[in-house]
Amino acid sequence: MNYNFGEIEKKHQENWKRNQIYKVEIDNTKPKFYVLDMFPYPSGAGLHVGHPLGYIASDIYSRYKRLQGYNVLHPMGFDAFGLPAEQYAVQTGQHPAITTEINIKRYKEQLSKIGFSYDWSREVRTSDPNYFKWTQWTFLKMFHHWFNTDTQKAEPIETLIKEFEKNGNTKINATCSITPHFEAAVWNGMDEAEKDVILMNYRLAYRAKTTVNWCPALGTVLANDEVKDGVSERGGYPVIQKDMMQWQLRITAYAKRLLTGLDNLEWTDSLKEMQRNWIGRSEGAEVYFDIKDTDEKILVFTTRPDTIFGATFMVLAPESKLVDKLTNIENSEEVDQYVTYAKNRTERERQADAQNITGVFTGSYAINPFTKKEIPIWTADYVLGGYGTGAIMAVPAHDSRDYAFAKHFNIEIIPVVEGGDIEKESYDAKTGKMINSDFLNGLDVKDAVKKMLKEVETRNLGKRKVNYRLRDAIFSRQRYWGEPFPIYYKDDRAVPLKEEELPLTLPDTDDYKPTETGKPPLGRVENWLYDGKYKYELSTMPGFAGSSAYYLRYMDPHNNKALVSKEADAYWQDVDLYIGGTEHAVGHLIYSRFWNKFLYDIGIVIKDEPYKKLVNQGMIQGRSNFVYRIKNTNKFVSFNFRNNYEFTEIHVDVNMVNNDILDIETFKKWRPEFADAEFIFEEDGKYHCGYAVEKMSKSKYNVVNPDNIIEQYGADTLRLYEMFLGPLEQSKPWDTNGIEGVFRFLNKFWRLFFDNEGNINLSEEKANKEEQKVIHTLIKKVGEDIERFSFNTTVAAYMVCAGDLSKLKCNKLEVLENFLIVLSPFAPHIAEELWQLSGHKTSIADAEFPKYNSVFLTEDTVKYPVAFNGKTRFTIEIEKDMQKSEIEKIILNDLRTKQRLEGKTVKKIIIVQGRMVNIVI
RNA sequence: GCGGAUGUGGCGUAAUUUGGUAGCCGCGCUAGACUUAGGAUCUAGUGCCGAAAGGCGUGGGGGUUCGAGUCCCUUCAUCCGCACCA
């Protein structure tokens with residue numbers, strides 16, 4: 001019987017499905033293990049060979065854990081809301097729900113062929129009303145909660161109202177938008193609408209006017225993590241800054257916890273570092289600067305309070321509300337022009353133009369609180385409206401940006417720390433002795449900072465402050481294909497739906513474009529009203545809404561009374577292993593942690609952090625092939641001769657190239673213009689292509705579809721080969737040529753079970769010492785390698801073992817059974833087939849991972865490498881227990897040693913027992 | 001500029017625990033066997049130089065050590081992330 005992978009794989013995939021082999025339930029007799037993949041957005045293009053890499057790795061780990069006796073939760077679902085489906089709908093008029101359904105079907109087909117151990121009964125889709133009901137529900141919970149900065153915890157809005165009734169907002173320490181102080185009497189005198197406005201400043205989900213990343217081409221607002229290099233991450237369209245009324249999530253309230261929570265996670269350092277940078281904690285002080293001739297003050301944030309004596313001017317961000325107030329009549333035209341100019345610049349222009357120094361003097365002066373000198377107030381776009389207070393005290397001597405600005409506009413530069421040469425450049429380092437700074441003179445920077453902080457507070461000029469770069473998350477998207485907000489408007493007041501009224505589903509429409517007046521697509525829908533009267537919120541939620549708590553829903557996916565039951569949450573708790581791409585390092589992974597912390601605060605989940613261990617799989621790159629057309633001809637020159645000509649490099653489809661040799665006939669048929677192409681071949685008469693490692697993409701003709709690989713070699717070969725390619729975390733190119741190696745291995749493995757006539761042929765005989773050694777070496781290696789996610793070396797170990805066993809002509813059941821079990825996480829189909837052919841009635845998934853016995857691994861003799869001055873020259877086999885002195889004798893008496901030592905004296909002999917020998921001459 | 005990672009045969013890579021035989025495994029290549037045929041299968045060889053003896057060899061330079069891919073210093077290259085963050 002031959003290894004008929006097609007038949008075997010189909011059969012077992014059907015069996016597993018029919019017998020619900022991978023369905024899991026809460027089982028208190030077993031320890032739980034939760035393995036999660038980042039669920040995919042089902043795009044129209046389907047899967048290419050790079051997508052399943054992480055899924056295969058997590059599947060191996062899941063199967064391994066199950067063999068070890070864990071109750072493994074390993075679910076899959078779809079991040080089904082999203083922009084591409086909507087853009088496709090705009091073009092074709094097809095409802096996104098329909099195209100999404102089609103794409104999901106295709107994805108599931110492709111995934112099912114790879115033989116994953118998913119419990120599909122737990123599938124979730126973010127676009128399913130039964131799912132997004134709980135997304136909306138959590139949003140409402142956030143709406144009804146505020147963040148108590150003292151307790152670092154979300155609390156119900158009712159506690160806040162009680163406090164306002166009693167004390168106003170003077171005593172409470174809450175994370176909120178800027179709100180003036182008021183006493184209880186003022187609060188109690190407000191009407192409902194006024195109270196609403198105040199409460200909005202405190203809610204964790206709130207609506208406010210803010211400067212947003214507006215992408216005109218997409219017709220929507222984007223979050224910071226959706227903007228890369230000043231253009232939209234999806235599509236690469238320009239993004240500008242715009243003031244808009246938007247729903248937001250007060251994620252900044254959790255900045256501290258999001259930062260400290262990282263410490264105990266088993267994530268890579270680089271990923272944690274990315275999150276730390278994104279949160280961007282910095283310690284310093286907020287200091288007020290008086291302004292000459294008015295009562296206004298400018299509040300600045302600085303990490304270098306020690307340098308205040310060197311502050312010779314101030315800069316306001318162009319967006320700052322103070323700009324208007326502080327601009328003199330004679331400067332107003334120039335300032336207005338500048339502010340308009342700055343506002344209309346795209347993020348990209350601003351970033352690209354960073355060296356180009358611009359700014360305008362407002363005409364006003366601030367008073368340096370320590371030198372009492374008047375210093376000019378400028379506005380310039382190197383100061384960002386969104387960070388700190390949107391205003392800075394500029395210390396040109398010790399900040400390179402301020403320095404460049406001062407030089408450009410000829411502003412005074414006063415050094416206050418010794419060390420640099422301010423004629424040439426600013427001295428930014430935080431070391432040195434203070435000068436020109438009155439009571440700070442002579443102190444080290446560190447001490448000066450401390451002293452100044454104290455001084456600022458005693459003089460009542462400001463206070464210590466920890467500042468975060470993290471912004472509140474903008475939660476509105478002006479799109480159709482997302483979760484509707486459970487909000488309607490009554491006299492312009494946002495009113496939340498009641499929990500019982502959820503889910504609020506999307507109304508139908510046949511036009512998915514924004515309206516002519518710039519309203520979101522939902523604005524087109526007539527009669528979409530609450531209670532027949534009130535308008536709903538027209539924007540929808542962003543992509544990260546649905547993906548923030550999906551891992552929780554898998555624990556209890558069909559529960560229609562709760563996001564997750566207490567019982568399910570208590571059992572499954574958190575994700576033990578999360579595998580996904582690094583592209584979600586700051587987006588999804590930070591929103592999801594925030595979302596989870598909020599649910600923790602309100603008692604829905606028992607774990608403060610959702611993802612205990614996280615592994616980022618590397619990208620599978622494409623391996624492109626090229627042909628070289630000689631300029632102005634239809635003649636193609638082979639790779640090694642190309643430099644004799646002027647040529648154009650042209651991508652060719654990798655599917656018509658084998659080991660870099662071009663299939664001429666297929667190439668000629670590929671495109672009409674190549675039909676009568678001519679070629680300059682190499683000596684071997686073949687056309688050799690060039691190659692390059694690039695991103696896998698259609699336009700580069702280097703996309704490889706897993707379906708084709710499975711068709712040709714089977715899923716087990718695909719799984720093994722993806723792992724064999726290299727370390728999981730590393731990016732590496734896909735090269736189909738190498739796949740033959742693992743395919744040969746599986747065939748060789750198969751033959752271990754059969755005789756020459758193709759009949760199953762297994763021996764009941766007990767294994768001998770050598771056979772035991774071979775299989776136990778494998779058992780040990782596989783366990784250790786899987787634990788440390790070194791799947792590439794595991795595959796190598798399988799190959800070595802199969803080679804050894806076939807040399808030993810070992811067909812003993814005792815040995816091969818163990819091999820089957822340890823191979824089954826990687827190649828479940830062939831393992832299941834041979835498991836059953838060897839007489840088992842139950843699935844190999846229910847087997848037990850064998851334990852290795854170290855007795856079989858120890859040897860009686862050791863092959864000692866004998867080195868001369870550190871260079872190994874020969875090896876010699878010596879009994880393991882032999883004493884050093886005897887080893888020395890044997891080595892020195894060896895002929896090869898004598899040859900080497902001729903005429904030389906031995907200075908020293910180093911013998912490490914059981915390891916090696918080094919002779920120094 | 002800051003932060004992180006990575007540099008080993010023609011290619012993908014291995015060398016875990018503790019510094020102890022560098023190149024496991026696979027692709028490719030070479031030769032052979034079988035075959036009507038080979039883009040099938042099997043066997044052997046394959047880091048580089050050299051006929052061999054031997055020498056050299058983990059991006060470069062330096063150091064520690066009996067011994068360094070592994071530790072230290074320095075330098076270069078590539079990739080990723082962040083980037084007027086006060």
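Chain A is the first sequence line, chain B the second, and so forth, proteins listed ahead of strands; every chain is numbered from 1.
- The nucleotide whose nearest atom lies closest to any side-chain atom of A/Val912 is, among B/U13, B/A15, B/G20, B/G20.
- Base pairing of B/A40: no nucleotide in any strand meets the Watson-Crick or G-U wobble criterion (both distances under 3.5 Å).
- A gap of 15 Å separates the P atoms of B/C56 and B/G67, to the nearest Å.
- For the side-chain contact (heavy atoms from CB on, under 4.5 Å) test, residues two or more places apart in sequence or in another chain that qualify with A/Glu888 are A/Leu892, A/Ile909, A/Ile911.
- Here B/A15 presents its C1' atom at 14 Å from CD of A/Glu784, a figure rounded to the nearest Å.
- Nucleotides B/C24 and B/G19 place their P atoms 24 Å apart, quoted to the nearest Å.
- For A/Ala796, the listed nucleotide lying nearest its side chain is B/C24; candidates were B/A14, B/C24, B/A86.
- Taking the side chain as every heavy atom from C-beta outward, A/Thr717 and A/Gln712 never approach each other to under 4.5 Å.
- In this entry the distance linking CG of A/Leu299 with P of B/A86 reads 16 Å, nearest Å.
- Considering only side-chain atoms of A/Val800, the nucleotide from B/A14, B/C25, B/C66 that sits closest is B/C25.
- By the side chain to side chain donor-acceptor pair (under 3.5 Å) test, A/Tyr382 is found to be paired with A/Asp402, residues two or more places apart in sequence or in another chain being considered.
- Between the P atom of B/C84 and the CD atom of A/Glu319 lies a distance of 13 Å, rounded to the nearest Å.
- You'll find that the side chain of A/Met274 is closest to B/G81, out of B/A86, B/G81, B/A14.
- Summarising the base pairing, B/G23 is matched to no nucleotide, lacking a Watson-Crick or G-U wobble pair whose two defining distances lie under 3.5 Å.
- The 5' end of RNA chain B is approached more closely, in terms of each residue's nearest nucleotide, by A/Val920 than by the other of A/Val920 and A/Gly385.
- Checked against salt bridge (Lys or Arg N to Asp or Glu O under 4.0 Å), A/Lys424 has the following partners two or more places apart in sequence or in another chain: A/Asp421.
- In this entry the distance linking CD1 of A/Ile911 with P of B/U21 reads 16 Å, nearest Å.
- With B/A86, B/C84, B/C25 as the choices, the nucleotide that has an atom nearest any side-chain atom of A/Asp381 turns out to be B/C84.
- Across all strands shown, B/C29 forms a Watson-Crick or G-U wobble pair, both distances under 3.5 Å, with B/G45.
- In this structure, the CZ atom of A/Arg469 is 13 Å from the C1' atom of B/C2, given to the nearest Å.
- A cation-pi arrangement is absent between A/Arg873 and A/Phe868, since the terminal nitrogen or guanidinium carbon is not both under 6.0 Å from the aromatic centre and inside a 45° cone about the axis.
- The 12-atom threshold is exceeded at CE of A/Met656, counting heavy atoms of other residues, nucleotides or ligands nearer than 6.0 Å.
- Scanning for side-chain contact (heavy atoms from CB on, under 4.5 Å) contacts around A/Tyr288 gives A/Lys297, A/Leu299, with sequence neighbours left out.
- Phosphate contact (OP1/OP2 of B/G28, side-chain N/O of A/Asn659, threshold under 4.0 Å): present.
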Give each protein N/O atom lying under 3.5 Å from an N/O atom of nucleotides 8-12 of chain B, with the pair distance.
| residue | atom | partner | partner atom | Å |
| --- | --- | --- | --- | --- |
| B/G12 | O2' | A/Leu725 | O | 2.4 |

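- Taking the six-membered ring for Trp and the full ring otherwise, A/Tyr61 and A/Phe789 have centroids separated by under 6.0 Å.
- Annotated as syn: B/G9, whose glycosidic dihedral is within 90° of 0.
- Remark: P of B/C80 and NE2 of A/His584 are 18 Å apart, rounded to the nearest angstrom.
- Pairing for B/A5 is with B/U78, a Watson-Crick or G-U wobble pair whose two hydrogen-bonding atom distances lie under 3.5 Å.
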Distance-only donor-acceptor hits, side chain of residues 739-752 of chain A, under 3.5 Å, sequence neighbours excluded:
| residue | atom | partner | partner atom | Å |
| --- | --- | --- | --- | --- |
| A/Glu740 | OE2 | A/Tyr713 | OH | 3.0 |
| A/Asn747 | ND2 | A/Phe743 | O | 2.9 |
| A/Trp750 | NE1 | A/Met1 | O | 3.0 |

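- Taking atom P on both nucleotides, B/U6 is separated from B/U17 by 15 Å, rounded to a whole Å.
- Heavy atoms of A/Asn792 sit under 4.0 angstrom from primed sugar atoms or phosphate atoms, though from no base atom.
- For the P atom pair drawn from B/G10 and B/C49, the interatomic distance equals 9 Å after rounding to whole Å.
- Between the C1' atoms of B/G4 and B/C66, the separation comes to 37 Å (whole Å).
- Between the side chains of A/Thr794 and A/Tyr64, no donor-acceptor pair of N or O atoms lies under 3.5 Å.
- Nucleotides B/C73 and B/U65, compared at atom C1', are 16 Å apart to the nearest Å.
- Here B/G67 sits opposite no nucleotide as a Watson-Crick or G-U wobble pair (both hydrogen-bonding atom distances under 3.5 Å).
- The only option from A/Val287, A/Leu461, A/Leu453 that meets the side chain to side chain contact (heavy atoms under 4.5 Å, CB included) definition with A/Pro305 turns out to be A/Leu453.
- Not one side-chain nitrogen or oxygen of A/Thr872 sits closer than 4.0 Å to the OP1 or OP2 atom of B/G20.
- Here the P atom of nucleotide B/G81 and the CG atom of A/Asp269 are 18 Å apart, to the nearest Å.
- The side chain to side chain donor-acceptor pair (under 3.5 Å) test applied to A/Thr736 returns A/Trp734, not counting sequence neighbours.
- When the P atom is compared between B/C48 and B/C11, the two are found 11 Å apart, to the nearest whole Å.
- Checking B/U16, B/C66, B/A86 against the side-chain heavy atoms of A/Asn918 singles out B/C66 as nearest.
- A donor-acceptor contact under 3.5 Å is not formed by the side chain of A/Asn277 with the base of B/C82.
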Expected string for nucleotides 37-56 of chain B under the B/S/- scheme (protein heavy atoms, under 4.0 Å, primed atoms plus P, OP1, OP2 as sugar-phosphate) is --B-SS------------S-
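- Nucleotide B/G28 holds its C1' atom 10 Å from the CG atom of A/Asp660, rounded to whole Å.
- Between A/Ser282 and B/A86 there is a side-chain N or O to OP1 or OP2 distance below 4.0 Å.
- Look at the P atom in both B/U8 and B/G60: the space between them is 10 Å, to the nearest Å.
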Cut-off 3.5 Å, no hydrogens considered: what does the side-chain donor-acceptor table look like for residues 775-782 of chain A, sequence neighbours left out?
| residue | atom | partner | partner atom | Å |
| --- | --- | --- | --- | --- |
| A/His776 | ND1 | A/Asn853 | N | 2.9 |
| A/Thr777 | OG1 | A/Lys773 | O | 2.5 |
| A/Lys780 | NZ | A/Glu784 | OE2 | 3.4 |
| A/Lys781 | NZ | A/Asp785 | OD2 | 3.3 |

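- When distances run from any side-chain atom of A/Pro865 to the nucleotides B/C66, B/U21, B/C82, the shortest one goes to B/U21.
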